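Written out below as structure tokens is the structure these notes cover.
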Amino acid sequence: MRLATLAATSLLVLPLAACTEPAPTPAPLARSLASVLPAPARVTPSGVRFELTEASGIAAEGDALPVAELLAATLRPATGFRLPVAATGDVALRLDTSIAGEAYRLDVGEDRVDLTAGTPAGLNNGVQTLRQLLPAAIDAGTVQQAAWIIPGGRIDDEPRYAYRGAMLDLARHFHTPDEVKRYIDQISRFKINYLHLHLADDQGWRIQIDSWPELTAVSGAPGTGVDGAGGGYLTKAAYRDLVTYAADRYITVIPEVDMPGHVNAAQVAYPELTCDGVAPRQRTDTAVGYSSLCAGKEITYRFAEDVIRELAAMTPGPYLHIGGDEARATPHADYVTFQKRVMPLARKYGKIPIGWQEIAAAEPEGAIVQYWNHTEPLTTNQRVIVSPASQAYLDMQYDRQTPAGGMNWAGTTEVDDAYDWNPGARLKTVPPELIFGVEAPLWSETLRDSADIEFLAFPRLVAIAELGWSPWSTHDWESFRQRIGAYGPQWTRLGVRFYESPKIPWGH
Ligand code: ACM
């Protein structure tokens, strides 16, 4: 064993000065196979250790190569090692079609690491696990003097749900592409595989639509958004770049344009989209439920079809979210008429429609229904994404004392509240086999920058990620809080602002 001289409890990350100074600063303990977030399905520690060294290399070929390059790129800065990606190497990534979908197998022996999966996405899941098994210093942007130890054993892992989503609201406050990329970088570490972008609402319109150019010219202008802070929109090129950036991290983007409610920004730009043709005033407040497209006017459907066609054309993923929530200003019969015409438009342009739970009223055959309103029951025979506001909404305040940021209309949500529920049993009237997955939405009324996003998202996003990924048999708050506590230094090192919940034993 290469590290026979190191006792089991040795500090494995030593500051550069450790050799010359008698009292090195405390360094993080080595990770264990039991420290991974979200918890893997099956873990078998062996007691041996693998050390990544100057001589290490990453073996991969064919479709495994991009994942190997991603792994190498994440390991090189802190290790300073060359880590060539080649036909041979002591860290081997291999595709094996006997392993299904997103599952992977990780074998860490004394002299080699073997990561095997059926797809590149599965390999990437294993890579995210591997990154968490290395000392936290692996995330430093500069060379660190450390023993790059990976605990030995085997992990056989696969997701509980195919859909593990995060949502970011760009409408109430526009977050720049760089801020969205930063969020993608963080959520991808926890095996989130969908990013739902809420691109239009009463306060702003954030996506270029060529056939309706005033949408962004007027409602994406500076000053559009809650409190008039910010403004901006994604050009098609910027959107496509984000989609590619996410796809390179095995995350599929789902664009949402909310209809028939939440459309004030569209109507400010195009007054003909109201029933009376009168332009409403631009809104910068946080009220909801007052705007509606006009189900009786043909221009409504021309607008919906143009938007859906252009969104579908710039979105390679299979889903398109058409909103449908809180259409309180739309008479019920009009709502049903509207949805029955608009949901098939997504199909017409090759996409599967997703809608908030209100679309269940419109017989959404083949659509996906997103549960959000925890005060309303949901009855549907369609697939369901579960995101109850009282547990999964990342914009709810942690408690009433939490400093600025967040809402509390659905209550307050501490980290244990976000963790301690079962998406498979949450909806009494929906059978477990219809649960497509979970999502953690983050609405932006109170958000202004990445620090605001991260403070509300972390650690709760990881709680939702674990509900989506890990088998229910592993569900254990005590284990989760320990693992989150041990992860804290990693966020600190990355400059990610997170909520230091008093319920978590932080390891720093
Ligand atoms: C929602 O929170 N109105 C979907």
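Positions are given from 1, in the same order as the sequence printed here. Just so you know, these numbers come straight off a predicted model, no measurement behind them. For ligands, and for the atoms within them, numbers begin at 1 and follow the listed sequence.
Polar contact with ligand 1: present for Asp325 (N/O pair, distance under 3.5 Å). Looking at Trp372 next to ligand 1, no N or O pair under 3.5 Å apart turns up. Considering both main-chain and side-chain atoms, Tyr393 comes within under 3.5 Å of ligand 1 through a nitrogen or oxygen pair.
Annotation: side chain of Trp421 is in contact with side chain of Ile464 (closest heavy-atom distance under 4.5 Å). Side-chain contact between Glu500 and Trp491 is absent, with no heavy atoms from C-beta onward closer than 4.5 Å. Within the 4.5 Å cutoff, the side chain of Tyr487 has no heavy atoms near those of the Trp506 side chain.
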**OP:** Evaluate side chain to side chain donor-acceptor pair (under 3.5 Å) for Gln391 paired with Tyr419, printing each intermediate quantity in order.
**Re:** CA-CA 8 Å; Gln391 284 138 322; Tyr419 184 76; over 6 Å; no

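Residue Glu326 has at least one heavy-atom neighbour below 4.0 Å for each of these atoms of ligand 1: 3 (N).
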